[in-house]
Number of protein chains: 2
Amino acid sequence: MVTIHDVAKLAGVSVATVSRVVNENKRVAEKTRTRVEWAISELNYAPSVLGRNLRTSKSNLLLVLLPSISNPFYTEIINGIEDTAIARGYNILLCETDSNPKREAIYFNLLRNRLAEGIISMDPSVNKNKLLELAESYPVVQCSEYDTESPIPYVTIDNEQAAYDAVTHLIESGHRKIALINSDERFLYARQRQNGYEKAMQKHGLPIRDEWVYNAEHLRFGAGQKAIRTLLQLHDRPSAVFAVSDVYAIGALKEIHRLGKKVPEDIAIIGFDKITFSDMAFPTLSTIAQPMYEMGCISAEMIMDEISGVNVNSRVLEHKLIKRDST
Amino acid sequence: MVTIHDVAKLAGVSVATVSRVVNENKRVAEKTRTRVEWAISELNYAPSVLGRNLRTSKSNLLLVLLPSISNPFYTEIINGIEDTAIARGYNILLCETDSNPKREAIYFNLLRNRLAEGIISMDPSVNKNKLLELAESYPVVQCSEYDTESPIPYVTIDNEQAAYDAVTHLIESGHRKIALINSDERFLYARQRQNGYEKAMQKHGLPIRDEWVYNAEHLRFGAGQKAIRTLLQLHDRPSAVFAVSDVYAIGALKEIHRLGKKVPEDIAIIGFDKITFSDMAFPTLSTIAQPMYEMGCISAEMIMDEISGVNVNSRVLEHKLIKRDST
DNA sequence: GTGAAAGCGCTAACAT
DNA sequence: ATGTTAGCGCTTTCAC
């Protein structure tokens, strides 16, 4: 490995001068600078991030914590984070936790070791206490999922209102028996969307039956298929379904079709997120659009501001009802 | 930040002893070990990756280079890489290059700086020369895309044979006019699959018309939609299409449906990869299954073997024709 | 069994 | 304008 010493030797200067050139410090004579730059390219020298970090605690690296890379919802947020980070000279390190506390701990340590300068958490199953403890000493931002009672800044949408809008759309389309495919209630967004569902139903004097609320296990197409199978077997069958994720909704769409029924005639479906696939499904999926890309951009801005000592405020962004063929 | 010195002080020992305990070196008295361990947990100490790396060049970090996180094809490979790496104590750093040489350079430097110990490249647009140069000094493995003439070990499938199988399936279903939706011909897989397409056509004495070969721009659904629109406008229209990616095929499926035509009656479609969504599309997509997860596992094994000095050989894995409703 | 000290590559005072 | 040097947190000889 080529070190700063090799360059200094070849250029016939001290390591300090090389460091000055590399860091674009002004106080170097033009002639010296040229010679050093020549030596650098001659040796194909790249400064060690390790050595630099150790000295300056500056890695220009951001950690992004997410439960799984397989969900397209995160994919689009990440695009936003990346573009924004890159523009300000930061690079990101994607950390898939798989909801595994051990892996989470490894990534937290990366931050505590100053290998990264800040962390954006999108993991709903993150250990809230550990994250809070981390946030006391290091820059932390939460994206999408957050904690109502913690001081950690976040960017999100109004999940309750969004769910309310989705269900109201179904009601206004003439549905009275509306089911909910929810994910794990441990997650804040799941509870908030369930609240929105319930409020919309109550507002219109519609009954909520326990058996119409289905909690899916994993965030996969298969879970949506299983959910709709259960719902369709009910004695008192719902005529419409609100799924808290497009992934569930698309699985449901597929399964309904496989069973020879029609959407929205036999049963209407609305999803949540507006992932790219939602427009490729048959029929096209009505959904609640989250500004994923923007959420990514904003959380990246927030974390970089925090790092540079600027005060940041949480943000609640706008969602949008997208009416398509499934309702 | 808590350092090894803090722990040493609290435990009343030297930093060397703390280091021994942390690294599970045998030569520490039971009593001392207990006291040190107590101090560690008392202070919530986590060894600095930075300091350790600088000394040992051991980061237990793997770099994974990919063009875009949005393609589900990569997602499943990454799952395989992650599971395998984690099992052997490595963590991975996902690096999205967006086919941008500058970003590529940043990640290469991470390797040259020993911040990571090896790199798995899945980027078809990677700079072959730079990668080759890197491979002379550091562990490098290519996954899916590779270079026929370079000594860098790779894991892939037989793209030509797989494409041949896909097209043969269409021919055996009675099609004679078969179009190809390909991606950028700069990519090896694109050229190989085109070869397979041509060989299958020639083998059965079928004509290949230039206008039946469409090169899409970006790997997005929209590109598939655009491609099929062009193909359907041809005077001499193909009755079947082989798309080199499920993403193109699904876009095509959607567009055909939107135009009021039927698959496979009006036009048959076969894709490539077998991404999860291919089974959610309407109709379900026939495709060539790549063992993505396995490819990930094997490339991870390969890179870790390389790192530990074990000799590794390139691997060509089996593909499989999946007949579903679109053909 | 344990400690002292050198040194990994780098930056930033401080000196010249 | 440039060089000298301490020290970032850690591991690892080499003494004791």
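Residue numbers start from 1 in every chain, and the chains themselves are labelled A, B, ... in the order their sequence lines are given, proteins ahead of strands. From a predicted model like this one, the values you see are computed outputs, not experimental measurements.
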Quiz prompt | Stepwise side-chain contact (heavy atoms from CB on, under 4.5 Å) test for B:Phe73 and B:Met122 | solution = CA-CA 11 Å; B:Phe73 170 66; B:Met122 304 202 282; over 6 Å; no
Exercise. Apply side-chain contact (heavy atoms from CB on, under 4.5 Å) to the pair A:Leu62 and A:Met304, showing each step before the final yes or no.
Key: CA-CA 9 Å; A:Leu62 256 29; A:Met304 291 186 293; 4.1 Å; yes
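The residue B:Ala29 sits close only to the backbone: its heavy atoms come under 4.0 Å of sugar-phosphate atoms, none of a base. Contact annotation for A:Thr32: backbone-only contact, meaning every heavy-atom pair under 4.0 Å involves sugar-phosphate atoms and none involves a base. Residue B:Val22 is out of contact with every strand shown, counting any heavy-atom pair closer than 4.0 Å.
Counting heavy atoms from C-beta on, the side chains of B:Leu10 and B:Leu43 come closer than 4.5 Å.
Near DNA chain D, defined here as any heavy-atom distance below 4.0 Å, there are no residues from residues 105-113 of chain B.
Summarising the geometry, the separation between CG on B:Asn23 and C1' on D:dT13 is reported as 15 Å, rounded to the nearest angstrom. As a whole-Å value, the separation of B:Arg27 CZ from C:dG3 P is 15 Å. Between the CZ atom of B:Arg35 and the C1' atom of C:dT2 there is a distance of 11 Å, given to the nearest Å. The distance from atom NZ of B:Lys58 to atom P of D:dT12 is 12 Å, rounded to the nearest whole Å.
With sequence neighbours excluded, the residues forming a side chain to side chain contact (heavy atoms under 4.5 Å, CB included) with B:Val15 are B:Ile4, B:His5, B:Ala8, listed by chain and number.
In A:Lys9, the NZ atom is not crowded: 12 or fewer heavy atoms of neighbouring residues, nucleotides or ligands sit closer than 6.0 Å. Around CD of A:Glu217, the count of heavy atoms belonging to other residues, nucleotides or ligands within 6.0 Å does not exceed 12.
Under the 3.5 Å distance criterion, the side-chain polar atoms of B:Arg35 are matched with a main-chain donor or acceptor of B:Ala11.
Within the structure, side-chain hydrogen bond (donor to acceptor under 3.5 Å, both in side chains) pairs that include any residue of residues 302-316 of chain A comprise A:Arg88-A:Asp305 (at least two apart or interchain). Pairs of residues two or more places apart, or lying in two chains, that qualify as side-chain hydrogen bond (donor to acceptor under 3.5 Å, both in side chains) and include a residue from residues 51-67 of chain A are A:Lys58-A:Asn60, A:Lys58-A:Tyr90, A:Lys58-A:Glu117.
Between A:Asn53 and D:dC8 there is no side-chain polar atom (N or O) within less than 4.0 angstrom of OP1 or OP2. In this model, the phosphate group of C:dG3 is approached by a side-chain N or O of B:Thr17 to a distance below 4.0 Å at OP1 or OP2.
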Any N/O pairs under 3.5 Å between the protein and nucleotides 14-16 of chain D? List them or say none.
none

What are the atom names and distances for every N/O pair under 3.5 Å that joins the protein to nucleotides 6-9 of chain C?
| unit_1 | atom_1 | unit_2 | atom_2 | d |
| --- | --- | --- | --- | --- |
| C:dG7 | N2 | B:Arg55 | NE | 2.4 |
| C:dG9 | N2 | A:Gly51 | O | 3.1 |

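Shown here for A:Val155 and A:Met295, the closest heavy-atom pair between the two residues is CG1-O, 3.9 Å.
With A:Ile81 as reference, A:Ile77 is the one residue of A:Asn79, A:Ile77, A:Asp83, A:Thr84 to meet the side chain to side chain contact (heavy atoms under 4.5 Å, CB included) rule.
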